[in-house]
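All chains are named by letter (A, B, ...) in the order of the sequence lines, taking the proteins before the strands, and each is independently numbered beginning at 1.
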Amino acid sequence: MKFVVEGAEHSAAPEQSCADLFKAALSGKRFKNTVAVSCANELFDLSTPLARFPEGATLTPVSVDDQAGLELLRHSAAHIMAAAVKQLFPKAQVTIGPAIDNGFYYDFDNERPFTPEDFAAIEAGMQKIVAQNLPFTRRELPSADAVAFFTAQGEHYKAEIIKDLGAEKVSLYDLGGFTDLCRGPHLPHSGFVKAFKLLSVAGAYWRGDEKNRMLTRIYATAFADEAALKQYLHQIEEAKKRDHRKLGKELDLFAFHEDVAPGMVFWHPKGMLMRTILEDFLKREHLKRGYQLVQGPQILRRELWMKSGHYDNYRENMYFTDIEGDIHGVKPMNCVGHMLIYNSALHSYRELPVRLAELGVVHRHEMSGALHGLFRVRQFMQDDAHIICTPEQLEDEILGVVTLIRDLFSLFGFSYRLAVATRPAKSIGSDEAWEKATNALIKAMEKIGEPIIINEGDGAFYGPKIDCRVTDSLGREWQCSTIQVDFTLPERFDLVYVGQDGERHRPVMVHRAILGSIERFIGILIEHCAGNFPAWLAPTQARLLTVTDDQNSFALEAAEILKKFGIRAEADTRNEKLSYKVRQAQVEKIPYILVIGNQELEARSVNVRLRNGDNLGVKTLEEFADILRADCEEPFKRGGMSYSFS
RNA sequence: GCCCAUAUAGCUCAGUAGGUAGAGCGCAUCCUUGGUAAGGAUGAGGUCAGCAGUUCAACUCUGCUUAUGGGCUCCA
């Protein structure tokens, strides 16, 4: 038989394996790293007989250095872990163990949950298996036989999986004395797993369903060499350094008082200042774009939540309070307030679109286990707005919102992806309304030149939506913005407008939030820039440091002058060495450090040092103000926006 | 809500066969007036998360509660 390997034709007997073919076709070094074969986008074991492939097929070697090879290595490492666990804990049942981003896991059902104290023993067991270079051998069995096989071994989860698969036959992989149900492919032998580490244990429901038994999941990672593992562990450490919870404390931005208000933020002066600058900017930007700022009450009577449907669908996430025997609900969303504001007058088609915006504080009772720093809190502010328009205006309105998304995220240096979510199986509204609205969303994205990604059936039950995922500087994705067309609320609240024909018509209503939760966004921003906030947002923009007490009065005077320029400046006149003050300002990540010694004092100027250590030399206060102003304005130019100093 | 781990000074952490606690940073006072990432001395600071139990004795062991961390589930 003939095959194409790396562009060249090779022939081999059909009973030979891919390994035989590659051994002849590849250099020794290349062959040594080859762990699998790829043919027509499908992966196979290296031991697969050539007869399995069609004459003339292109067989691509998969190296352990490839992404695909690494995934395969991790999957095999999961089997090795399961084998080691079974040796140590024969009563433990194995379930599933896939490769994931950055590693792998395996879920076990043991009489007692595993703990990190078990790691050393399990790792030692894995090391033994790795050292033996045990082969992964594939065999196929009729499903019924496989069920009998696993049942006899007491592996009831495996038997259940096979039954649910409903296939005629299944493949099994043997590794030493351990057999696992698996599609494969796997490494030729366990010796390829040169570096691995168990990372954590976690509870995980069988099949991800909370009604099922909770299994013990062991998270781990594996690499083809020790250096890659070390680098990965180092990367985890680096990511921890920019954890917003850690930086929030270090930079004194915010804190939690878990004993009195779990899941709710106490904003300290610096954090609140930053927040205020951000909110202020958002408000101005919304006004510029034709939104009207409004504000509804924080608590509203239960009857209203019944009308809106929140009482039926969202009650368990809401807080309620009894006021003179009347149950009131704390708002989990801002919609209803905006509906009432719209309905306070009869609107003409001439007034549409009405865009009501609110930096609204909402409360949602998140489950205790779900709370996570600023990312998941129980009280937060949304940059929320509701657009009420005619069906014809919908496309332009969506375009406006998508443009705002583009401008705001590029301001912070995030990249983002938009996706349209279409009608789910369970939903309300007419086909025509769904189709019209979905098309408007897609057309608006086309107009602005965004790639069209469709998430079929992922819309809300009440309407289609556009979701936005932003990517931060570490390459992590976050769901922030959402644009949702809503077919229910206009009905429930009987929203109308008077058309040109004098008749009453039902408007279209759109919910939208850009940054989403302000708390969460600030958390993301902190990690995105590692606490090095852009100059326009930094709580302290410049700190004046004196070399000796002799410069103190000028430093205080200079700080006042800079404040008059609209700069957030402060003087550090403490009796400490300059290097000590520099270090502290640096640790606080203050964008500009202004040093004043006798030289600068004489010239009534400052020596400008940047947070990255660069020195811009001696500048007058006016010159420095210009530098800082330009630095603040720079990011706004990207979105064609402007930021004015107060 | 579920599984595992954790809870010691304002912060970061150490500690003890079970005999009521330490360091560094920060803070205060003093000395020092020093040119770009930590000058020195002295001092103040803790009901060892909360509640119960075992014990002559609990920060330490046990149970419960609360919260936090890592996950699962949830996020109409």
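The residue A:Leu215 sits apart from the nucleic acid: no heavy atom pair falls under 4.0 Å. A:Asn598 comes within contact range of at least one nucleobase, with a heavy-atom separation under 4.0 Å. Using a 4.0 Å heavy-atom cutoff across all strands shown, A:Gly208 reaches sugar-phosphate atoms only and no base atom. Across all strands shown, A:Arg376 has heavy atoms under 4.0 Å from base atoms, whether or not it also approaches the sugar-phosphate. Contacts of A:Thr216 with the nucleic acid, taken as non-hydrogen atoms under 4.0 Å apart, are absent. If you check every strand for non-hydrogen atoms under 4.0 Å, A:Tyr105 touches nothing. A:Lys249 comes within contact range of the sugar-phosphate backbone alone, with a heavy-atom separation under 4.0 Å but no base atom that close. Across all strands, A:Asp549 comes closer than 4.0 Å to base atoms (heavy-atom distances). If you check every strand for non-hydrogen atoms under 4.0 Å, A:Gln599 touches a base. The residue A:Glu117 sits apart from the nucleic acid: no heavy atom pair falls under 4.0 Å. Residue A:Arg217 is classed as a sugar-phosphate contact, given heavy-atom separations below 4.0 Å to backbone atoms only. Within the nucleic acid shown, A:Asn607 comes within 4.0 Å of at least one base atom, counting heavy atoms only. Note on A:Ala202: a base of the nucleic acid sits closer than 4.0 angstrom, heavy atoms only.
For B:U6 and B:G19, the C1' atoms lie 26 Å apart once the distance is rounded to whole Å. Across the P atoms, B:G53 and B:C75 are found 43 Å apart, a figure rounded to whole Å. Nucleotides B:C61 and B:G46 have their P atoms positioned 24 Å apart, rounded to a whole Å. Spacing of C1' atoms, B:A57 relative to B:U66, comes out at 27 Å, to the nearest Å.
Not a single donor-acceptor contact under 3.5 angstrom links the side-chain atoms of A:Gln551 to the base of B:G35. Residue-to-nucleotide contacts include no donor-acceptor pair under 3.5 Å from the side chain of A:Tyr205 to the base of B:G71.
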What are the atom names and distances for every N/O pair under 3.5 Å that joins the protein to nucleotides 38-46 of chain B?
| residue | atom | partner | partner atom | Å |
| --- | --- | --- | --- | --- |
| B:A38 | N7 | A:Arg583 | NE | 3.3 |
| B:A38 | N7 | A:Arg583 | NH1 | 3.3 |
| B:A38 | N6 | A:Arg583 | NH2 | 2.4 |
| B:A38 | N1 | A:Arg583 | NH2 | 2.9 |

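In this pair, A:Tyr106 and A:Phe108 present their aromatic rings parallel. The plane angle is below 30°, not in the 30 to 60° band.
Residue whose closest nucleotide on RNA chain B sits further toward the 5' end, between A:Arg574 and A:Arg611: A:Arg574.
Under a 4.0 Å N-O distance rule, the pair A:Asp458/A:Lys465 does not qualify as a salt bridge. Look at A:Arg207 and A:Asp164 and you find a salt bridge, because one of the NZ, NE, NH1 or NH2 atoms lies within 4.0 Å of a carboxylate O, short of that distance.
For A:Leu578, whose side chain is taken as the heavy atoms from C-beta onward, the closest listed nucleotide among B:C3, B:G35, B:C2 is B:G35. Closest contact between the side chain of A:Glu258 and the listed nucleotides B:U36, B:A67, B:G34 involves B:A67. Set against B:G71, B:U73, B:C4, the side chain of A:Pro116 has B:C4 as its closest nucleotide. Side chain of A:Val201, nearest nucleotide from B:C2, B:G69, B:C4: B:C4.
Annotation: cation-pi pair A:Arg74/A:Phe223 present, NZ/CZ under 6.0 Å from the ring centroid and within 45° of its normal.
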Here RNA chain B, pairs taken as Watson-Crick or G-U under 3.5 Å and shown with ( ), [ ] when crossing and | when to another strand, reads (((((((..((((.....[..)))).(((((.......))))).....(((((..]....))))))))))))....
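Nucleotide B:G45 carries a syn base; the chi torsion (O4'-C1'-N9-C4 or O4'-C1'-N1-C2) is within 90° of 0.
Panel note: side chain A:Arg417, backbone A:Arg469; no donor-acceptor pair is recorded below 3.5 Å. Remark: the backbone N or O of A:Gly329 is not paired with any side-chain donor or acceptor of A:Arg302 at under 3.5 angstrom. Between the side chain of A:Ser200 and the backbone N or O of A:Tyr219, no donor-acceptor pair lies under 3.5 Å. In this structure, A:Gln379 contributes its side chain and A:Val361 its backbone to no donor-acceptor pair below 3.5 Å.
Taking only side-chain nitrogens and oxygens, A:His372 comes nearer than 4.0 Å to OP1 or OP2 of B:G70. Applying the 4.0 Å criterion to OP1 and OP2 of B:A5, one finds that A:Thr115 has every side-chain N and O outside that range. For the pair A:Arg364 and B:C74, the criterion of a side-chain N or O lying under 4.0 Å from OP1 or OP2 is not met.
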Checklist entry - Is there a side chain to side chain contact (heavy atoms under 4.5 Å, CB included) between A:Tyr157 and A:Arg213 once you walk through the steps? => result CA-CA 11 Å; A:Tyr157 292 93; A:Arg213 189 171 158 77; 3.6 Å; yes
Query - Trace of the ring pair (Phe, Tyr, Trp, His ring centres under 6.0 Å) decision for A:Phe104 with A:His75 - result: CA-CA 7 Å; A:Phe104 64 92; A:His75 184 191; 9.4 Å; no
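In this structure, a donor-acceptor pair under 3.5 Å is absent between the side chains of A:Ser605 and A:Glu600.
Taking atom CZ of A:Phe119 as the reference point, atom P of B:G71 lies 13 Å away to the nearest angstrom.
For the pair A:Gly360 and A:Asn334, the tightest heavy-atom approach, listed with the atom from each and the gap, is CA-OD1, 3.6 Å.
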